[in-house]
K.L.:
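The following block contains the structure, expressed as structure tokens.
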Amino acid sequence: MMEPRYDPHGVEERWQKTWEDEGLYNADPDPAKTPYVDAHPPPNVTGELHMGHALQLALGDLMIRMKRMQGFNALFQPGYDHAGISTQNVVEKALIAEGTSRQEIGREAFEERVWAWLHEYGGKILHQFRRMGASLDYRRTRFTMDDDYVRAVMRFFVHLYNRGWIYRANRIINWCPHHETSLSDLEVVHDDTDDALSTIRYPLADGDGYIAIATVRPATIPADVAVAVHPDDPRYTAFIGREVIVPWTENRVPVIADERVEIDFGTGALKITPAHDPKDFEIGREHGLPEPSVLGPDGRMTAAGLEGLTQDEAAQKILDWCKERGLLEKREHYRHSVAFCERCHTRIEPRISMQWWCAMEEIKQRPLEALRNREIVYHPESQHRFAIDSLENAPDWNISRQIWWGHQIPAWFCSDGHVTVQETEPSACTECGSTELTRETDVLDTWFSSAMWPFATLGWPDDTESLRHFYPGDLQTTAREIIRLWENRMIFSGLELMGEIPFKDVVIHSTVLAPDGRRMSKSLGTGIDPLELIEKYGTDATRYGLMRNSLTQDVRFSYSAIEEGGKLANKLWNAARLVVTACEGALPAEKPSSLEEQWMLARLSQTQRRIESLLADFDFAHTMDELYHVTFDDFCDWYLEAVKGRLYDGDADARATAMAALERLLKLLHPALPHVTEEIWSFLPERTSRLIVAPWPEAGDESTADALARVQELAVMFRRSGVVPPLEGDEKRIFDAVVKPERVAVNGNADAEIARLRKEIERGEKMLGNERFVANAPADVVTAEREKLERYRRELDAIGG
RNA sequence: GGGCGGUUAGCUCAGUUGGGAGAGCGCUUCCCUUACAAGGAAGAAGUCGCAGGUUCGAGCCCUGCACCGCCCACCA
């Protein structure tokens, strides 16, 4: 019935299905129970399971499973995110492949296409979540574009607008010419890029001489409105306040002084192009300069004489123009970091544009308070400080996007330019009563709706039973880069709309690097697919292997960690096989009569307390370590070896105790290795419930936990020296059963052991002979040293040194 | 440029108020013993990045340096 080797294939899918079918993942409001909630981060609807998801799920699911067994009403909330730009990208690609485009088919048809695409391909990731054994309440799956969710987003937007925290402003923003939308700073990536730096002379308007400027973007020269120099730069003080002539346009522009110009870079003079550079924009606004633009939304030129050209083509024309007139001083290779769209890797075009903004200054105060008071705690601790820092420095948030897939902003403009903001379409402008209204076409940043995840998933804005019972939640497990994009905003929205923090603990997991230390990424070809690991090693092994790494530093992926998990499952399986086959038939109540039995139960209690305490600090790595060693060393190598004989001999007490010990071990292991433990559980006699919902054990008496320590120590000594120590009674029986003196003595080397003990004794005597040590060291350290010395002397006597 | 983390055995990593350098994998030797060879037993293997300092005592605390990684900012 139980094969000698544990094979996770088939077993794991079977339990995943059973657990879900039997409703054991479900969490319903129950006033009799204390809730424990992890609103799991909704992955992109277009996404696939990657290593980060796998780790995140393993951590969250371990906590949820333990809490569920401990009697909490454990809710693991699933769902997925509409992922505005990413999803739009995928569907647009499909349209282009068909020879059409979203512009061609129009907004309404495009949205239908997205829905159709989602219907067919979206949400696959939830099936992959199931394969991870994640005990999410799949009935409660939410999508950020569900009707109810959209209603919640509209309510939130209007709420913020009425509070005065949302405003419109014409500012320079990151613009992706491919998507033709604005992007927040957090959606932009910077890469080192090879470029050319051109030094160009701007002749003085009032006579001879010139100022040379260095630029990487000659195409924007027609939009220049000034040249800036540092006020303390002696080379240029005479030029300040005079005018220079901009090449190509031959416009006259002023030379201004500004401290943001770096004297040491290039020529020390900077052309000011407010419409196409963030720093220039800032300088321009302070100096009251105009903001002409020479680039269209598609990144092509609109300047006179250059219409429709790409920037490269325009740059060439302008450079040629300069060269003919002797204004091009030089053109040299230059490597610098350039901003790209995170999604399509198109070069970002800074652009002045009217956008919706969320003002952060006032908004962030309550979240900051919650973090500083540690109402919310990030783990590990270093991330807590980072979270506070990043919130303190959070700039106003650009929340509008010029794409089509997302939550359309609920704002209507009348022909006079008045804005009416409300949840549903107004019949007339609230300011002038005009009935000719057009709706804002922009949609909201994806993260705007994500910010509401902890309560919108529970039914907000309706006052539902779920919302009352399950809010506020407890746990978030998430990736570091999400702290600014998401965590901070959830905290704010929860405090603002619900009046309470959305969760108490945020576990920031480490980044799993490729075995060579590089980042795992598809484009680098360094990615490892967790589904392949599951196929090969099983889900339990994969979960164990990922959680075995600490959270405090990024860690290189290693297959041997996963293999270790597989070995643990197999070892447990075989230990259970021994117990189950030896203990067939009716069993009396647990009766730990012998030393080794008392010791095993005490060790299990001790391990349980350690695990509980480790997990209170979200120390998953050491939890795995405890589980591994209690299984291999304590349960198998000592306890089972010691009682094996009695089990085979039909000792009823031994059998009952072995079964009880196995049960407790399975419970401790279940949150980490859910499938193999449930499978074993099903072979135990007289089960009345599944292990997944079995009660977490009460920790028992630990007083005999170290009763075998002496025997173990002597066993180690014996193995080194080959000299059988003087033992009696239980100790002798256990020693003989586990150590098997007749087989091991071959490697004994009493001389080496004697030498080792003498060295230890010498060291101890030296320390205790040091008056300053005895006087200064803590008393317990000195006492421990004396005891050690005594012990070594006794052992030396025992082997006849 | 700012911040954070790291450097410990061949590899991946632990090391909790300063007090005996550890685990898993790999390697060597022995054992297919009636749960398990994905097993058992034993063993070899480390100048704890470098240089100073504090201390009776430093992998751990302090200072400086080197190298690796991540995040942020910026680059005309």
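Here is the naming used below: chain letters follow the sequence lines, and residue numbers restart at 1 for every chain. What you see is a predicted model; the values in this text were computed from it and never measured.
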K.L.:
At under 4.0 Å between heavy atoms, what does A:Leu197 touch on the DNA or RNA strands: base, sugar-phosphate, or nothing?
P.N.:
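Sugar-phosphate, no base atom in range.
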
K.L.:
Consider only side-chain N and O atoms of A:Asp617 and A:His379, and report whether a donor and an acceptor are under 3.5 Å apart.
P.N.:
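Note: A:Asp617 and A:His379 side chains miss the donor-acceptor criterion.
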
K.L.:
With a non-hydrogen cut-off below 4.0 angstrom, is A:Val782 in contact with a base, only sugar-phosphate, or nothing?
P.N.:
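The answer is nothing, as A:Val782 stays clear of every strand by at least 4.0 Å.
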
K.L.:
Give A:Leu270 one of three labels, base, sugar-phosphate or nothing, depending on what nucleic acid heavy atoms sit under 4.0 Å from its own.
P.N.:
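It contacts base atoms.
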
K.L.:
Would you say the side chains of A:His629 and A:Asp634 form a donor-acceptor pair under 3.5 Å?
P.N.:
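No, because no side-chain N or O of A:His629 sits under 3.5 Å from a partner of the opposite role on A:Asp634.
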
K.L.:
Contact between A:Leu371 and A:Leu391 at the side-chain level, heavy atoms closer than 4.5 Å - yes or no?
P.N.:
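A:Leu371 reaches A:Leu391 side chain to side chain.
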
K.L.:
Nearest to the A:Glu641 side chain among B:C74, B:C13, B:C36, which nucleotide is it?
P.N.:
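Nucleotide nearest to A:Glu641's side chain: B:C36.
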
K.L.:
Output yes when at least one side-chain N/O atom of A:Thr511 is less than 4.0 Å from OP1 or OP2 of B:C70, else no.
P.N.:
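So the side chain of A:Thr511 is outside the cut-off, no N or O lying under 4.0 Å from OP1 or OP2 of B:C70.
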
K.L.:
Distances under 3.5 Å only, N/O to N/O: pair up the protein atoms with those of nucleotides 24-27 of chain B.
P.N.:
unit_1, atom_1, unit_2, atom_2, d
B:G24, O2', A:Glu564, OE1, 2.7
B:C25, OP1, A:Lys567, NZ, 2.2

K.L.:
Base, sugar-phosphate, or nothing for A:Ser550, non-hydrogen atoms under 4.0 angstrom?
P.N.:
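Sugar-phosphate only.
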
K.L.:
Are A:Tyr544 and A:Glu564 linked by a side-chain donor-acceptor pair shorter than 3.5 Å?
P.N.:
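Looking only at side-chain atoms, A:Glu564 and A:Tyr544 do form a donor-acceptor pair, the distance falling under 3.5 Å.
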
K.L.:
Will you find, in the side chains of A:His333 and A:Asp194, an N or O donor that is under 3.5 Å from an N or O acceptor?
P.N.:
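Result is yes, a qualifying pair exists.
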
K.L.:
Start at the 5' end of RNA chain B and walk down; is the nucleotide closest to A:Ala575 or to A:Gly566 reached first?
P.N.:
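Closer to the 5' end of RNA chain B: A:Ala575.
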
K.L.:
Starting the side chain at C-beta, find the nucleotide from B:G40, B:C36, B:C71 nearest to A:Phe386.
P.N.:
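The closest nucleotide is B:C71.
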
K.L.:
Which is more 5' along RNA chain B, the nucleotide nearest A:Ser382 or the one nearest A:Asp637? Just name the residue.
P.N.:
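The residue mapped nearer the 5' terminus is A:Ser382.
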
K.L.:
Pull out every protein N or O sitting under 3.5 Å from an N or O of nucleotides 17-22 of chain B, one pair per line with the distance.
P.N.:
unit_1, atom_1, unit_2, atom_2, d
B:G20, N2, A:Tyr792, OH, 2.7

K.L.:
Counting side-chain heavy atoms from C-beta on, which of B:G5, B:A14, B:C74 comes nearest to A:His190?
P.N.:
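Selected nucleotide (nearest to the side chain): B:C74.
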
K.L.:
CG of A:Asn393 versus P of B:C4: gap in Å, rounded?
P.N.:
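About 13 Å, once rounded to whole Å.
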
K.L.:
Applying a 4.0 Å non-hydrogen cut-off, can you work out what A:Lys271 is touching in the nucleic acid: base, sugar-phosphate, or nothing?
P.N.:
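Since no nucleic acid heavy atom lies under 4.0 Å of A:Lys271, the category is nothing.
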
K.L.:
Output yes when at least one side-chain N/O atom of A:Arg5 is less than 4.0 Å from OP1 or OP2 of B:A38, else no.
P.N.:
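Checking B:A38 against A:Arg5, a side-chain N or O does come within under 4.0 Å of OP1 or OP2.
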
K.L.:
Are a donor atom and an acceptor atom from the side chains of A:Lys271 and A:Thr220 found within less than 3.5 Å of each other?
P.N.:
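Their side chains do contain a donor-acceptor pair, which is all the 3.5 Å distance test asks for.
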
K.L.:
Contact class for A:Glu771 (heavy atom, under 4.0 Å): base, sugar-phosphate, or nothing?
P.N.:
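Here A:Glu771 touches no strand at all.
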
K.L.:
Check the distance between B:C70's P and A:Asp389's CG and give it to me in whole angstrom.
P.N.:
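For the pair A:Asp389 CG and B:C70 P, the rounded distance is 21 Å.
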
K.L.:
Can you confirm whether A:Val507 sits close enough to A:Thr478 that some side-chain heavy atom of one is under 4.5 Å from a side-chain heavy atom of the other?
P.N.:
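Of all side-chain heavy-atom pairs linking A:Thr478 with A:Val507, none is under 4.5 Å.
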
K.L.:
By nearest atom, which of the nucleotides B:A38, B:C13, B:A23 is closest to the A:Asp625 side chain?
P.N.:
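Closest of the options to the side chain of A:Asp625: B:A23.
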
K.L.:
With distance as the sole criterion, is a donor-acceptor pair present between the side chains of A:Asp619 and A:His622 under 3.5 Å?
P.N.:
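The answer is yes; a qualifying pair exists.
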
K.L.:
When you get a sec, tell me which of B:C4, B:G39, B:C13 is the closest nucleotide to the side chain of A:Lys571?
P.N.:
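Nearest to the side chain of A:Lys571 among the choices is B:G39.
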
K.L.:
Tell me the partner of B:A23, counting only Watson-Crick (N1-N3 plus N6-O4 or O6-N4) or G-U wobble (N1-O2 and O6-N3) with both under 3.5 Å; none if nothing fits.
P.N.:
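In the structure as shown, B:A23 has B:U12 as its Watson-Crick or wobble partner.
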
K.L.:
May I have the distance from A:Ile562 (atom CD1) to B:C13 (atom C1'), rounded to whole angstrom?
P.N.:
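Interatomic distance, CD1 of A:Ile562 to C1' of B:C13: 14 Å.
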
K.L.:
Paired with B:G69 by Watson-Crick or G-U wobble geometry, both distances under 3.5 Å: which nucleotide is it?
P.N.:
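Base partner found: B:C4.
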
